[in-house]
*Asks:* 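After the structure tokens below, expect a handful of questions from me.
Basis for what follows: all heavy atoms, side chains included, without hydrogens, waters or symmetry-related copies. The chains referred to below are lettered A, B, ... by the order of the sequence lines, with proteins before strands, and numbering in each begins at 1.
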Amino acid sequence: MLVVKDILDNKEKAIAGLKKRNIATAEELINSVIALDTQRKSAISEMENVLAESNQIAKSVGQLMKEGKKDEAEQVKTKAAELRSKSNTLKEDTAVIEEKLQALLYTIPNVPNEIVPDGKTPEENVNIFEHGSIPTLHEGAVPHWDLLKKYKLADFEVGVKITGAGFPVFKRKGAMLNRALINFFLSEAIKAGYEEVIPPLLINEASGYGTGQLPDKEGQMYHCTVDNLFLIPTAEVPITNLYRDEIISADQLPIKNVGYTPCFRREAGSYGKDVRGLNRLHQFDKVEIVQIQHPDKSYETLDNMVEHVKGLLNKLGLPYRILRLCGGDMGFTSALTYDFEVYSAAQQKWLEVSSVSNFETFQANRSKIRFRSGQDKPQLAHTLNGSALALPRILAALLENNQTTDGVNIPEVLQAFTGFNKIS
RNA sequence: GGAGAAGUGGCAGAGUGGUCGAUUGCAUUAGUCUUGAAAACUAACGUACCGCAAGGUACCGGGGGUUCGAAUCCCUCCUUCUCCGCCA
């Protein structure tokens, strides 16, 4: 959530940023925030004045009692009770205003960075980097879903039986390749200085609010209503929330974490070839990198994270491109996002396999993730995260791009992890 | 799941209705002393909000209540510990 003080300091920037997200009412929204904040301040002032007086009197009651002036004490008590009830009313008024402001702020997305391109649709994302050449496949090459079946790497039907659509069961070398990718991604991240964590796969409401899934986007998460817990849509949620309500010493920054988790997404409203095979699943594996960084260094860190993901794709030998997302396609909480897409040669499609974002203080403000340099006052940190990487689409592209007439070749970097070099 | 106990500032640990935002110790920071260090001594040292400031307000696990006044009493939820049961 946006920091009100930042809005007050630079109202025009906030409005311009929201306009970039194609929010027609940007100006109204920001003006409402400012108006509510003004109301809030005066309500608090008024309430606290009454409270201060009330506290004064309450103290004097104690004095009078001690001195044995009972009658006087009784009189003062009546006065105090009046003040108290007045302050209670004011307290309620203040709470109403604060809730309004809070609710409004929850509906406002992050202000995009200056370099975020204008645009409304994914077509307007800007391609900033391409690497690798698109392979020419042999005659009769097939999409990955046929390869999965042919080599018995995954079974969608049995997944439907035990759970439902979108929950494939990986088998044999399919399962092993999946696990090899997880280990490869983890070991690369650890080499790059990330500390591994294995977080819970279920999160509570407070965590959902902390990273921005709640309110509003609860529809994308599976909800265990009996316990009011949510299955994580990404490891970003539990890992970032590790630092919720923490004040981190500045010399601990940056905090770098990596975690492998399954991810669960309800993804309502998808259909057709976009969801075919491994393209879109309700449960999938992902290795996520998360950093908590000093505001002055977060964009440098974002670049580092982009470089890290590039390195992974380079090593896997997959052709890919990097998109700078436009204002209309960026996530609610992000200030700047780079998407990575790999080319899946049989489908002849670009598949999103990573999204690397800087959230600046947006999540930190919700989560109260702060740091302190020396004796300074605590200050909101910047949070960043990125997929490094999401598994199923990588698997799809690897299978499709590396297929030959007599099997699928495993990239060299993975062979140490798979223990085999070919699927046939 | 059953029975008990407990949750106070970075940590330890006082405080059972008023002058307590909270004694004290440790840790931390600065200073004195010292050739340097240690020790000792002195001082500072929670967070948020309102206010130009002086200052004020809130917070003793969360929420609610009683009272002129709550860390302290009551209700409720959460968490931790001990014992029993069950169990990977």
*Asks:* If B/A27 has a Watson-Crick or G-U wobble mate with both distances under 3.5 Å, name it; if not, just say none.
*Replies:*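 Base partner found: none.
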*Asks:* On RNA chain B, check which nucleotide each of A/Pro378 and A/Ile57 is closest to and give me the residue with the more 5' one.
*Replies:*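 Counting from the 5' end, the first nearest nucleotide belongs to A/Pro378.
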*Asks:* Does a side-chain N or O of A/Arg372 approach OP1 or OP2 of B/U47 to a distance below 4.0 Å, or not?
*Replies:*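 For A/Arg372, the contact criterion (side-chain N or O under 4.0 Å from OP1 or OP2 of B/U47) is met.
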*Asks:* As a test of reading the structure: which of B/C68, B/U57, B/C50 is closest to the side chain of A/Arg84, going by heavy atoms?
*Replies:*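 So the nucleotide nearest the side chain must be B/C68.
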*Asks:* Do any side-chain nitrogens or oxygens of A/Asn55 fall under 4.0 Å of OP1 or OP2 in B/G18?
*Replies:*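 Looking at the OP1 and OP2 atoms of B/G18, neither is under 4.0 Å from any side-chain N or O of A/Asn55.
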*Asks:* In terms of side-chain heavy atoms of A/Ser45, which of B/G56, B/A58, B/C50 is nearest?
*Replies:*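 For the A/Ser45 side chain, the nearest candidate turns out to be B/C50.
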*Asks:* Measure from the side chain of A/Lys77, starting at C-beta and using heavy atoms only, and say which of B/C49, B/U47, B/C68 lies closest.
*Replies:*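 Nearest nucleotide to the side chain: B/C68.
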*Asks:* Find which nucleotide of RNA chain B each of A/Thr78 and A/Lys91 is nearest to by heavy atoms, and output the residue with the more 5' nucleotide.
*Replies:*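 Nearest nucleotide further toward 5': that of A/Lys91.
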*Asks:* State, yes or no, whether a side-chain contact exists between A/Val309 and A/Val356 at a heavy-atom distance under 4.5 Å.
*Replies:*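 They are in contact (side-chain heavy atoms under 4.5 Å apart), so the answer is yes.
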*Asks:* What nucleotide, of B/C68, B/G51, B/U57, holds the atom closest to the side chain of A/Lys41?
*Replies:*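 Nearest to the side-chain atoms of A/Lys41, counting from C-beta on, is B/G51.
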*Asks:* Do A/Asn204 and A/Ser207 pair up side chain to side chain, a donor and an acceptor below 3.5 Å, judged on atom types alone?
*Replies:*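 Present: a donor and an acceptor within the cut-off.
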*Asks:* Does a nitrogen or oxygen in the side chain of A/Arg40 sit under 4.0 Å from OP1 or OP2 of B/C49?
*Replies:*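 For B/C49, OP1/OP2 do not have a side-chain N/O of A/Arg40 under 4.0 Å.
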*Asks:* Looking at A/Phe340, I'd like to know if the NZ or CZ of A/Lys310 sits under 6.0 Å from its six-membered ring centre while staying within 45 degrees of the ring's axis.
*Replies:*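 Relative to the ring axis of A/Phe340, which defines the angle, A/Lys310 lies outside at least one limit.
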*Asks:* Distance between the C1' atoms of B/A48 and B/A40, in whole angstroms?
*Replies:*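 Approximately 38 Å lies between the C1' atom of B/A48 and that of B/A40.
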*Asks:* Among the nucleotides B/U47, B/G18, B/C49, which one has an atom lying closest to any side-chain atom of A/Ile247?
*Replies:*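 Of B/U47, B/G18, B/C49, B/U47 is nearest to the side chain of A/Ile247.
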*Asks:* So what does A/Ala58 touch, heavy atoms closer than 4.0 Å: a base, only the sugar-phosphate, or nothing?
*Replies:*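 Base contact.
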*Asks:* Of all heavy-atom pairs between A/Ala390 and A/Ser387, which one has the smallest distance, and what is that distance?
*Replies:*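 What the structure gives for the nearest pair is N-CB, 4.1 Å.
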*Asks:* What distance, rounded to whole Å, do you find between the two C1' atoms, one in B/C59 and one in B/G21?
*Replies:*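 About 9 Å, rounded to a whole number of Å.
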*Asks:* Sort out the partner of B/A58 for me: Watson-Crick or G-U wobble, both distances under 3.5 Å, none otherwise.
*Replies:*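 With both distances under 3.5 Å, B/A58 matches B/U47.
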*Asks:* Can you see whether A/Phe420 has A/Lys173 sitting over its ring - NZ or CZ less than 6.0 Å from the centre and within 45° of the normal?
*Replies:*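 Because its charged atom sits under 6.0 Å from the ring centre and within 45° of the axis, A/Lys173 does stack over A/Phe420.
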